[in-house]
Amino acid sequence: MRVAGAVAGLMENRDLARIFSEIADILEIQEGNPFRIRSFRRAAQIIRDLSFNGAHASQEEPEKLRSISGIGEGTISKIREIAETGRSQEFEDLKREIPPSLLTLLELQNLGPKKIRLLWKTLNISTIDELEKAAREEQVRSLPGMGGKSEAKILKAIEAHRLLQGRFRLDDGIEVCQGLMDYLRLKVKVKRIAAAGSVRRRRETVGDIDILVTCESSAEVIDAFTGYSDVKEVLAKGDTKASVVLSRGLQADLRVLEDESFGASLQYFTGSQAHNVALRERAKRMGYKISEYGLFRLDNGGEKDPPEKVAGESEEDIYRLLKLSLIPPELRENRGEIQKAETGRLPDLIKLGDIRGDLHMHTKATDGRNTIQEMAAAGIQAGYQYIAITDHSKALAMARGLDEKRLLDQIEEIDRVASQISEIHILKGIEVDILSEGELDLSDEVLSRLDVVIASVHSRFNLSRKEMTLRICRALENPNVNILAHPTGRLLTRRAPYPVDLEQVIKTARENRVCLEINAYPARLDLSDVHCRMACDQGALISINSDSHNLQMLRYIEYGVFTARRGWLEAKDVINTFPLEELTRVLKKEEYGER
DNA sequence: GCCGTTTTCGGCCCGACTGTTTTCAGTCG
């Protein structure tokens with residue numbers, strides 16, 4: 001049966017994508033054909049964003065893959081080989097030609113394949129620790145093209161890398177967790193199963209995966225769990241708990257519970273720790289104690305009597321007995337949610353269904369993969385009332401950004417497409433680059449013809465905090481600007497945010513009726529939850545945008561909603577929950593919410 | 001490796017920045 005096969009170990013898109021991406025990495029270090037390398041990277045990207053399982057498709061309906069531009073016969077046969085044998089011969093061969101740890105060095109900022117090859121061939125450096133030692137001992141400066149500053153930069157990059165290690169993107173966590181839970185459901189008879197921990201709280205990165213389960217036979221489910229095809233190492237295996245390391249390096253914990261304590265355990269293992277500590281303190285003041293087994297009343301009966309269990313089956317009961325409204329997992333960070341829940345004043349958090357449109361998407365005109373028509377069709381499918389086409393501007397040469405003339409052409413093109421589609425409104429927009437002094441990359445005259453102008457920083461990340469703040473604020477003062485995209489430029493687990501005074505940026509945005517973006521791409525989630533709340537508290541409006549570069553990416557909007565929820569946002573704080581008429585007034589700066 | 005109104009070979013988005021250079025290689029996006 002197909003489904004069982006899939007569960008037993010069909011390769012996930014992300015794993016496939018990683019193989020392609022690592023082949024590209026190795027070829028690059030080996031100074032292979034740059035165009036072939038680019039093809040592998042492109043394939044990796046496409047596979048990662050597929051809305052169906054690529055391995056399965058390679059076997060059952062290869063034409064579905066073949067129809068995608070950038071996927072050729074070579075890629076399909078490689079996917080099929082991996083789907084059938086679990087490995088790629090070329091990848092295995094390549095891995096034997098270089099120390100595998102070299103690929104880790106690629107994660108360091110400002111270190112690319114050429115320098116890594118040089119370090120490896122001349123100083124025999126293949127690990128981060130060896131590189132750190134060599135930089136400290138000033139050996140790196142002996143190499144051509146390297147000097148004292150290079151050594152300092154390397155040490156800084158190593159420091160940054162260490163800080164970011166050990167956490168995974170939320171979308172990776174959710175995908176792995178979902179796969180594991182689906183497998184357990186099929187493999188054994190589970191009664192209840194749920195994800196807890198930071199996955200359930202929808203934190204932007206997750207450290208490990210926590211799964212809770214109730215079932216008939218605990219031994220059976222533990223065996224199934226440790227026998228999962230993706231398990232690389234079993235760290236612990238007991239009667240009610242097991243821990244494993246999955247092939248991606250992500251740790252997963254399974255806990256087998258009794259039904260009557262499922263809710264208590266879910267509460268306990270969802271955390272956060274800070275939230276739980278605060279909750280336990282409150283319980284104690286009220287004469288209770290909370291553990292993973294339940295909520296217990298302490299002061300009944302005599303000293304010898306065991307505490308009476310008063311709740312445990314559901315989370316609702318526990319919060320209710322503590323005289324709190326049920327706190328959504330996303331808010332459980334001890335950031336004031338318990339106080340609000342006390343008086344029933346928790347925010348009415350935004351939901352995915354509140355989103356009426358997507359205001360940031362790219363097309364084939366620049367670095368997107370689909371046409372205006374196709375993006376509009378995807379918007380209709382998502383149930384949207386409107387979308388905005390916002391391609392790059394000319395400064396982003398790598399994306400073939402639009403100059404004034406091409407933008408004017410695109411405006412006409414959108415009008416033409418819009419005249420043929422009645423189900424959705426297409427707003428005309430641009431993602432315009434903010435140049436180093438805060439000027440915009442396109443003339444005000446052209447920008448003023450658009451419905452929505454998104455301004456972005458894509459270059460010169462290394463300005464001082466003061467310079468960067470000034471630069472961004474200047475751009476926000478341009479009367480044409482509506483939205484500041486990905487305000488800190490971070491890439492989760494890869495690149496720290498550039499230094500910038502966000503409070504000043506938020507203040508300037510509000511004063512100029514500019515909205516701040518939550519870029520929903522799972523590697524960005526920028527603004528972060530915390531900054532999101534900061535913006536909202538200061539009265540700034542938010543736009544949650546997918547930044548889609550292809551049809552599949554529209555679904556990432558959900559991750560923006562997760563972040564918004566963690567940032568305490570309600571629908572009224574987010575402009576793309578507004579009906580078109582109201583949105584238009586905000587974009588024209590005639591109003592700015594009720595603020 | 002992928003692609004094709006330049007179609008089965010011969011191309012393949014390119015400009016800015018940095019640190020090391022004295023004319024440029026490497027990295028980033």
Side-chain angles (χ1 to χ4, degrees), chain A residues 19-21 23-47 65-79 81 88 90-91 94 105-120 135 140-157 362-369 391-403 406 431 433-437 439 441 456-463 467-468 471 485-486 489-491 494-496 498 519 521 523-524 526 547 549:
Chain A
I19 292 175
F20 279 80
S21 157
I23 289 175
D25 288 342
I26 297 173
L27 288 175
E28 200 150 39
I29 290 170
Q30 293 181 332
E31 303 184 305
N33 176 349
F35 302 109
R36 187 161 182 260
I37 293 165
R38 183 186 299 172
S39 286
F40 275 111
R41 290 213 188 285
R42 203 161 162 219
Q45 170 71 43
I46 292 168
I47 293 164
L65 286 167
R66 194 66 189 85
S67 67
I68 303 170
S69 171
I71 304 286
E73 287 309 329
T75 302
I76 293 176
S77 62
K78 200 164 244 94
I79 295 176
E81 179 196 359
S88 151
E90 182 180 8
F91 184 44
L94 285 170
L105 296 184
L106 278 171
E107 293 165 21
L108 296 171
Q109 280 271 294
N110 299 311
L111 262 200
K114 297 279 164 52
K115 285 182 183 170
I116 288 170
R117 181 184 173 84
L118 184 67
L119 289 161
W120 171 45
V140 173
R141 64 182 63 184
S142 68
L143 300 177
M146 304 278 236
K149 282 194 180 173
S150 305
E151 284 171 345
K153 257 189 156 174
I154 285 171
L155 290 173
K156 219 177 142 191
H362 298 268
T363 72
K364 287 174 103 151
T366 61
D367 59 351
R369 303 196 52 78
D391 268 312
H392 288 292
S393 66
K394 62 192 175 196
L396 211 59
M398 142 238 187
R400 282 191 310 124
L402 304 179
D403 57 18
R406 287 177 64 214
E431 180 180 8
D433 260 53
I434 301 175
L435 305 178
S436 38
E437 302 290 328
E439 7 24 324
D441 180 38
S456 303
V457 169
H458 286 125
S459 60
R460 300 286 311 267
F461 290 169
N462 56 342
L463 298 182
E467 288 167 328
M468 186 62 92
R471 172 189 184 186
H486 41 72
R490 71 173 181 175
L491 291 177
R494 279 177 35 217
R495 183 176 73 202
Y498 43 67
N519 189 295
Y521 188 64
R524 288 196 184 268
D526 179 12
D547 197 358
H549 285 67

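Reckoned from all heavy atoms, side chains included, excluding hydrogens, waters and symmetry mates. Note that the structure is a prediction, hence the values are computed from the model and not measured.
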Distance, [atom1] atom - from [M] to [N], rounded to whole angstrom:
N      : M      : atom1 : answer
B/dT8  : B/dG1  : C1'   : 14 Å
B/dT21 : B/dA16 : P     : 24 Å
B/dA25 : B/dT20 : C1'   : 9 Å
B/dT23 : B/dT18 : C1'   : 15 Å
B/dC17 : B/dG11 : P     : 31 Å
B/dC9  : B/dG15 : C1'   : 29 Å
B/dC2  : B/dC13 : C1'   : 15 Å

If you look at every heavy atom in [X] and [Y], which pair is closest and at what distance?
X      : Y      : answer
A/R41  : A/A24  : NH1-CB, 3.5 Å
A/D441 : A/A395 : OD2-N, 2.6 Å
A/L463 : A/S436 : CD1-O, 4.1 Å
A/I19  : A/S88  : CG2-CB, 4.4 Å
A/L106 : A/I116 : N-CD1, 3.5 Å

Does a side-chain N or O of [X] approach OP1 or OP2 of [N] to a distance below 4.0 Å, or not?
X      : N      : value
A/S459 : B/dC17 : no
A/N462 : B/dT18 : yes
A/R36  : B/dG1  : yes
A/R66  : B/dC3  : yes

Heavy atoms only, 4.0 Å cut-off, all strands: where does [X] land among base, sugar-phosphate and nothing?
X      : result
A/G148 : sugar-phosphate
A/I37  : nothing
A/P113 : sugar-phosphate

Quick one: [X] [atom1] to [N] [atom2], roughly how many Å, whole number?
X      : N      : atom1 : atom2 : result
A/Q30  : B/dG1  : CD    : P     : 14 Å
A/H458 : B/dC17 : NE2   : C1'   : 16 Å
A/R41  : B/dC28 : CZ    : P     : 10 Å
A/I154 : B/dT27 : CD1   : C1'   : 13 Å
A/L111 : B/dT20 : CG    : P     : 13 Å
A/L118 : B/dA25 : CG    : P     : 14 Å
A/M146 : B/dT18 : CE    : P     : 17 Å
A/E437 : B/dC17 : CD    : P     : 11 Å

What's the closest nucleotide to the side chain of [X] if the choices are [options]?
X      : options                : answer
A/F40  : B/dG1, B/dT27, B/dG15  : B/dG1
A/S150 : B/dT20, B/dG1, B/dC28  : B/dT20
A/K115 : B/dT18, B/dG26, B/dG1  : B/dG26
A/R460 : B/dC12, B/dG15, B/dC17 : B/dC17
A/S39  : B/dT27, B/dC2, B/dC3   : B/dC2
A/F35  : B/dC14, B/dC2, B/dC12  : B/dC12
A/S69  : B/dG1, B/dC3, B/dC17   : B/dC3
A/K149 : B/dC17, B/dT20, B/dC12 : B/dT20

Handout entry: A/R117/A/E31 salt bridge by N-O under 4.0 Å criterion
Key = yes
Exercise for the section: Could you tell me whether A/R36 and A/E90 make a salt bridge, using a distance below 4.0 angstrom between a side-chain N and a carboxylate O? Expected result: yes
Handout entry: Which residue lies more 5' along DNA chain B, comparing A/F461 with A/G70 via nearest heavy atoms
Key = A/G70
Fill in the blank from the handout: For B/dT8, the nucleotide meeting Watson-Crick or G-U wobble distances (both under 3.5 Å) is none
